[in-house]
Protein chains: 2
Amino acid sequence: MKIYSWNVNGLRACVRKGFLDWLDGSEADVVGLQEVRALPEQLTRASREPEGWHTYFHPAERKGYSGVGLYSRRALDGIENSVNVEAFDVEGRVQIAQLGALKVLNVYFPNGSGKNRDLSRIPYKLEFYAHLREMLAGALTDGERVLVMGDFNTAHRAIDLARPKSNEATSGFRPEEREELDRWLDAGWVDSFRAVHGDVEERYTWWSQRGDVRARNVGWRIDYIYASPAAMEFVVDARIHDQVMGSDHCPISVTLDRAILEG
Amino acid sequence: MKIYSWNVNGLRACVRKGFLDWLDGSEADVVGLQEVRALPEQLTRASREPEGWHTYFHPAERKGYSGVGLYSRRALDGIENSVNVEAFDVEGRVQIAQLGALKVLNVYFPNGSGKNRDLSRIPYKLEFYAHLREMLAGALTDGERVLVMGDFNTAHRAIDLARPKSNEATSGFRPEEREELDRWLDAGWVDSFRAVHGDVEERYTWWSQRGDVRARNVGWRIDYIYASPAAMEFVVDARIHDQVMGSDHCPISVTLDRAILEG
DNA sequence: CGTTCTATG
DNA sequence: CATAAAACG
């Protein structure tokens with residue numbers, strides 16, 4: 001089975017660029033979207049409830065901002081939107097889906113840049129990371145099968161972005177943000193793409209919209225599917241679909257042995 | 001000589017739709033624009049200072065809002081932006097141009113609709129009208145040659161809009177607004193288009209942007225060139241150029257005997 | 001319905 | 001550079 005994550009940068013705009021055709025051609029079982037940037041009622045019916053899919057949305061309270069969504073070929077066994085912190089829940093950043101023995105978290109981690117391109121949102125971002133990490137610590141040590149996928153908004157190591165030197169002070173590659181990802185990996189989470197492909201270079205998931213940056217592949221790898229050790233045993237492939245257009249991010253995926261569903 | 005008035009509904013957008021081609025083909029001597037909606041420095045050089053034209057701008061303080069501009073083939077003999085009321089001056093609504101013995105006021109009269117489509121701006125609109133009328137009363141009685149042209153934002157009589165009955169409560173055709181135009185005409189101002197063409201019907205200068213309203217000519221005549229009696233003696237033609245596209249308003253013009261300039 | 005601005009990324 | 005909203009008309 002195949003699970004995708006994609007920051008669509010506005011689902012309505014992405015639909016105009018062919019999202020539904022991509023969806024039907026994707027052979028996906030589950031797709032997690034970030035930055036939906038629409039209330040469900042603002043979506044066309046064809047994109048809100050496409051034939052053959054079960055869909056779930058967790059929008060932000062603020063219109064046109066953030067928001068996550070899940071598309072699944074079979075109905076989810078459970079869905080939960082709250083992480084029990086009001087300040088996080090109102091921004092529509094997390095969906096926790098249960099599929100048999102597998103738990104999938106679809107997450108839009110906060111961007112660290114604030115109002116005037118400053119770093120004022122980094123504390124919120126780091127608190128969000130820490131809260132989720134602590135919330136999931138028990139599941140990890142209990143050997144549960146968990147995927148945390150989405151736009152992490154942080155490149156972990158120099159190999160994960162084209163211009164590491166010039167971005168050491170930029171939110172998304174600052175030491176305090178990278179150290180938080182260290183803590184996830186130290187806790188036991190596995191970066192599925194790196195586990196499958198090792199230190200391959202120049203594989204990115206996001207490119208600035210300025211200039212011809214994507215054509216020149218001057219990008220960042222900031223979208224991940226993190227697997228618990230128990231889930232990682234079922235991962236048979238991990239991919240970055242950088243040929244797929246429609247957003248400033250590209251989709252990523254993992255292929256899993258279906259046995260992962262049977263506890 | 002030919003003098004035009006046109007509410008361009010954003011000069012930058014209008015330029016993209018061919019404003020400069022229209023300008024050069026217009027045989028205009030003077031063009032007054034309303035709703036420029038740009039600071040001069042936000043305009044391209046080609047539109048701010050086109051070859052062969054002298055240009056003058058009076059923007060609002062608030063960005064992207066209101067603002068008037070004048071294009072003249074020969075340099076103006078004088079230009080004044082203030083009507084000596086701060087609340088009016090900051091909204092960039094008036095330019096007073098002197099061309100020889102002729103005074104031309106290029107005016108963007110306020111829209112009466114407020115924030116929530118309410119009527120909260122009608123008092124401001126009526127005060128603006130009254131202030132300008134009183135300011136010009138002396139010139140009128142002194143026999144000066146004056147044109148007041150622009151977007152008046154009021155249809156005077158039922159003949160001036162396609163749907164008078166259904167708009168009696170709408171700002172733009174309310175009794176208190178129409179009565180203010182009565183006061184201008186009672187004071188001596190002449191509606192140049194009506195003076196030339198009498199009660200011709202279905203001649204409008206503005207159409208809603210919703211639906212196919214312009215194609216069906218469901219419009220309003222709310223742009224006028226008012227002439228003082230002394231100026232009216234030199235008016236040889238008055239036109240509504242409703243075939244000219246580029247805005248939700250169309251240009252209007254008067255043709256004058258050049259002798260109007262020689263006092 | 002369309003222009004422009006602002007917030008956000 | 002792009003998405004979406006808000007204000008205004």
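Chain letters run A, B, ... following the sequence lines, proteins first, then strands; residues in each count from 1.
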Compute the ring centroids of [X] and [Y], then answer whether they are less than 6.0 Å apart.
| X | Y | result |
| --- | --- | --- |
| B:His156 | B:Tyr224 | no |
| A:Tyr226 | A:Phe152 | yes |
| B:Trp6 | B:Trp22 | yes |
| B:Tyr124 | B:Phe88 | yes |

Would you tabulate the side-chain donor-acceptor contacts of residues 8-19 of chain A under 3.5 Å, counting partners in other chains and residues two or more places apart, or write 'none'?
unit_1  : atom_1 : unit_2   : atom_2 : d
A:Asn9  : OD1    : A:Arg37  : NH1    : 3.2
A:Asn9  : ND2    : A:Gln209 : OE1    : 3.4
A:Arg12 : NH2    : A:Arg37  : O      : 2.9

### Query
Is there a donor-acceptor contact under 3.5 Å from the side chain of B:Arg93 to the main chain of B:Val107?
no
### Query
Counting only N and O atoms by type, is there a donor-acceptor contact under 3.5 Å from the side chain of B:Gln95 to the main-chain atoms of B:Tyr56?
yes
Mind checking [X] for me? I need base, sugar-phosphate or nothing, with any heavy atom below 4.0 Å counting as a touch.
| X | result |
| --- | --- |
| A:Gln42 | sugar-phosphate |
| A:Gln34 | nothing |
| A:Arg121 | nothing |

### Task
Sequence neighbours left out, what passes side-chain contact (heavy atoms from CB on, under 4.5 Å) with A:Met135? Give chain and number order.
A:Val83, A:Ile96, A:Leu105, A:His131, A:Leu132
### Task
Provide the start and end nucleotides, 5' to 3', of the part of DNA chain C that has atoms under 4.0 Å from heavy atoms of chain A.
C:dA7 to C:dG9
### Query
Where does the angle between the aromatic ring planes of B:Tyr4 and B:His241 fall among parallel (under 30°), tilted (30 to 60°) and perpendicular (over 60°)?
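The arrangement is tilted - the two ring planes meet at 30° to 60°.
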### Message
Run the salt bridge (charged side-chain N to carboxylate O under 4.0 Å, His left out) test against B:Arg239 and tell me which residues pass, sequence neighbours left out.
### Response
B:Asp237
### Query
Quick one, which residues of residues 206-219 of chain A touch DNA chain D with a heavy atom under 4.0 Å?
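Nucleic-acid contacts, sorted: A:Gln209, A:Arg210, A:Gly211.
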### Interface limits on DNA chain D, where chain B has a heavy atom under 4.0 Å of a nucleotide atom
D:dA7 to D:dG9
